[in-house]
Amino acid sequence: MMLRLSTRLLAIAAAAAAIAAGQAVPASAAGPLKDKTNRVVGSAVAAQNLNQADFRSVLTREFDNVTPENEMKWAVVEPNRNQFNWSGADAIVNYAQQNGKTVRGHTLVWHSQYPGWLNNLGGNELRSVVQQHINTEMGRYRGKIRAWDVVNEIFEENGSRRQSIFQQRLGDNFVADAFRAARAADPSAKLYINDYNTEGMNAKSNAMYNLVRSLKQQGVPIDGVGIQTHLATRYGYPSGFRQNIERLAALGLDVAITEADVRIQLPVDQNKLNQQATMYKQIWDDCHAVARCVEFTVWGFTDRHSWVPGTFPGEGAACLFDSNLRPKPAYNRINP
Ligand code: G3I
């Protein structure tokens, strides 16, 4: 007891000294978030932000996994056919290797942020180009990626298949084909399907459940389901989130929270921050309630860099740290 108390006092003193010295504020007297759980704790990052010393130091201190926010997407890595740009992806993978972090690869087959030249391809050619893409990208980082979002966002809200070029030109089987190609390209990576608005029990999460159950039955090499978890305080917490994680786990699949954030209608006030904190804690607790929920990753950790204000005008402040890298109530709630 005495020892715990004095450790805490020492941490507080260190925090005060760091503030006085003008350094990045230590997140919590309780110690880094990543040390508080046996789950993987991750954040999305943009490669360019790794050059910001304070950003990088909080990232390194608090998280044990990074997900490239855009750098591994097809439009970025192969904007023109056979012309590759790996600079951002390499920077993030190198950062991870040098700092003992794992990487979540994001993402191989997605209806968004794919290069325009794919639109000119017919079914047969597109099928082989997708295989090649999976091979090339996964091959480049073979053995360095813990988990891959192989297939992303294939469902509409009503649970029907999204009519992407992959769906329209390759048919339903593009999903199973992608997983088979992925397993062959990097047998050591965990292979996931990933989507949003699939947190609670609803038509879309039912469709996801039915699909992955059938993939498992067919022996398709899939290891897990990613639940993005882009939430908003105004919509409240999705009902049945834990039950949904449980039913996926019961199929023998891992579950990962892959892109968590909880946006707020601006301006921020204490009440909204508290609501946000409660919702982050609910996500954290629901993941920890199920042994096979193996990862808690946020889609950016600081309000300094977040996709939210650009996509939802009037909303923001969705992250665990404010734009000065000070921990918000949400952070303190999950790491008391
Ligand atoms: O890189 C260009 C830059 O050259 C150009 O000047 C600028 C002008 O708009 O755009 C830049 O590209 C932007 C890119 O982010 C990099 O910053 C795109 O416009 C912008 O659309 C893109 O947004 C990304 C979005 O995915 C695209 O759908 C967000 O950063 C990224 O956070 C977001 O991430 C997605 C996940 O991949 C999947 N799940 C949902 C999540 C949030 O939307």
Side-chain angles (χ1 to χ4, degrees), residues 106-114 147-179 191-218 220 222-263 265 275 278-280 282-287 289-290 292-299 307-308 311-312 315 318:
H106 176 82
T107 174
L108 295 162
V109 185
W110 188 28
H111 70 276
S112 179
Q113 285 178 290
Y114 69 81
W148 268 103
D149 293 327
V150 177
V151 169
N152 199 35
E153 301 177 1
I154 64 162
F155 290 113
E156 299 286 358
E157 300 304 295
N158 67 7
S160 65
R161 287 284 187 108
R162 184 193 293 278
Q163 293 303 304
S164 66
I165 60 163
F166 308 108
Q167 181 66 37
Q168 288 183 330
R169 298 180 194 180
L170 310 178
D172 282 356
N173 285 339
F174 85 87
V175 174
D177 289 347
F179 279 97
L191 306 180
Y192 280 70
I193 187 168
N194 188 46
D195 217 321
Y196 64 93
N197 288 351
T198 48
E199 292 75 33
M201 301 291 276
N202 58 41
K204 198 173 184 180
S205 69
N206 288 343
M208 177 64 90
Y209 175 78
N210 290 332
L211 172 66
V212 296
R213 187 180 53 186
S214 129
L215 293 175
K216 284 287 280 185
Q217 277 163 359
Q218 295 165 57
V220 173
I222 178 171
D223 301 304
V225 177
I227 303 181
Q228 293 184 11
T229 320
H230 294 292
L231 305 185
T233 52
R234 65 164 143 167
Y235 302 129
Y237 195 71
S239 105
F241 199 165
R242 187 177 298 191
Q243 190 188 346
N244 187 35
I245 298 173
E246 278 165 351
R247 70 172 169 168
L248 293 167
L251 294 174
L253 290 161
D254 287 341
V255 175
I257 306 298
T258 52
E259 307 185 11
D261 50 22
V262 182
R263 58 186 188 274
Q265 286 174 286
Q275 256 179 287
T278 300
M279 288 174 67
Y280 264 106
Q282 284 174 292
I283 305 169
W284 180 264
D285 286 348
D286 280 346
C287 181
V290 184
R292 292 203 74 149
C293 183
V294 296
E295 174 177 349
F296 176 91
T297 280
V298 291
W299 204 244
W307 69 290
V308 170
T311 304
F312 298 98
E315 296 182 72

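Values reported hereafter were calculated over all heavy atoms of this structure, with side chains retained and with hydrogens, waters and symmetry mates removed. The chain is numbered in sequence order, starting from 1. Please read these numbers as outputs of a predicted model, since none were measured by experiment.
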How many angstroms lie between atom [atom1] of [X] and atom [atom2] of [Y], to the nearest 0.5 angstrom?
X: Phe312; Y: Gln265; atom1: CZ; atom2: CD; answer: 11.5 Å
X: Met201; Y: Phe241; atom1: CE; atom2: CZ; answer: 12.5 Å
X: Leu253; Y: Lys216; atom1: CG; atom2: NZ; answer: 5.0 Å
X: Thr233; Y: Gln275; atom1: OG1; atom2: CD; answer: 5.0 Å

Heavy-atom side-chain contact between [X] and [Y] under 4.5 Å:
X: Trp307; Y: His230; value: yes
X: Asn244; Y: Ile227; value: yes
X: Arg161; Y: Ile154; value: yes
X: Gln228; Y: Asn152; value: yes
X: Tyr114; Y: Ile165; value: yes

- Note on the structure: Which of Asp195, Thr297, Asn194, Thr229 passes side chain to side chain donor-acceptor pair (under 3.5 Å) with Thr258? Answer is Asn194
- Contacts of Arg169 that satisfy salt bridge (charged side-chain N to carboxylate O under 4.0 Å, His left out) - sequence neighbours left out: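 By the salt bridge (charged side-chain N to carboxylate O under 4.0 Å, His left out) rule, Arg169 matches no residue at all.
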- With sequence neighbours excluded, tell me which residues meet salt bridge (charged side-chain N to carboxylate O under 4.0 Å, His left out) with Glu246. none
- Message: Lys204 vs Tyr196, test: side chain to side chain contact (heavy atoms under 4.5 Å, CB included). Steps then yes/no.
- Response: CA-CA 9 Å; Lys204 198 173 184 180; Tyr196 64 93; 3.5 Å; yes
- Start with the C-alpha distance between Arg292 and Leu248, add both sets of side-chain angles, then the distance that settles side chain to side chain contact (heavy atoms under 4.5 Å, CB included), and finish with yes or no. CA-CA 9 Å; Arg292 292 203 74 149; Leu248 293 167; over 6 Å; no
Closest heavy-atom pair and its distance - [X], [Y]:
X: Asp261; Y: Tyr280; value: CA-OH, 3.3 Å
X: Gly200; Y: Ser205; value: O-OG, 2.7 Å
X: Glu157; Y: Ala203; value: O-CB, 3.8 Å
X: Tyr192; Y: Gly226; value: CD2-N, 3.5 Å
X: Cys293; Y: Ile257; value: SG-CG1, 4.1 Å
X: Glu315; Y: Ala232; value: OE1-CB, 4.3 Å

- Just checking, is any N or O donor in the side chain of Gln167 or Asp172 under 3.5 Å from an acceptor N or O on the other one?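 Indeed, the side chains of Gln167 and Asp172 share at least one donor-acceptor pair under 3.5 Å.
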- Message: Checking Thr278 against Gln282: is there a side-chain donor and acceptor pair closer than 3.5 Å?
- Response: no
- Let me know which of Leu211, Ile193, Leu251, Asp254 forms a side chain to side chain contact (heavy atoms under 4.5 Å, CB included) with Ile222.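 In the set Leu211, Ile193, Leu251, Asp254, the residue that makes a side chain to side chain contact (heavy atoms under 4.5 Å, CB included) with Ile222 is Ile193.
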- Val175 and side chain to side chain contact (heavy atoms under 4.5 Å, CB included): which partner among Val150, Leu215, Val109, Val212?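 Per the side chain to side chain contact (heavy atoms under 4.5 Å, CB included) rule, the option paired with Val175 is Leu215, out of Val150, Leu215, Val109, Val212.
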Taking the side chain from [X] and the backbone from [Y], do they hold a donor-acceptor pair closer than 3.5 Å?
X: Arg162; Y: Glu153; answer: yes
X: Asp223; Y: Leu191; answer: yes
X: His111; Y: Gln163; answer: no

- By side-chain hydrogen bond (donor to acceptor under 3.5 Å, both in side chains) - contacts of Tyr209 (at least two apart):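 For Tyr209, no residue satisfies side-chain hydrogen bond (donor to acceptor under 3.5 Å, both in side chains) once neighbours in sequence are set aside.
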- Candidate pair Val225 and Thr198, rule side chain to side chain contact (heavy atoms under 4.5 Å, CB included), full reasoning: CA-CA 10 Å; Val225 177; Thr198 48; over 6 Å; no
- Query: Should Met208 and Phe155 be marked as a side chain to side chain contact (heavy atoms under 4.5 Å, CB included) after you check the CA-CA gap, both sets of side-chain angles, and the distance that decides it?
  - Reply: CA-CA 8 Å; Met208 177 64 90; Phe155 290 113; 4.1 Å; yes
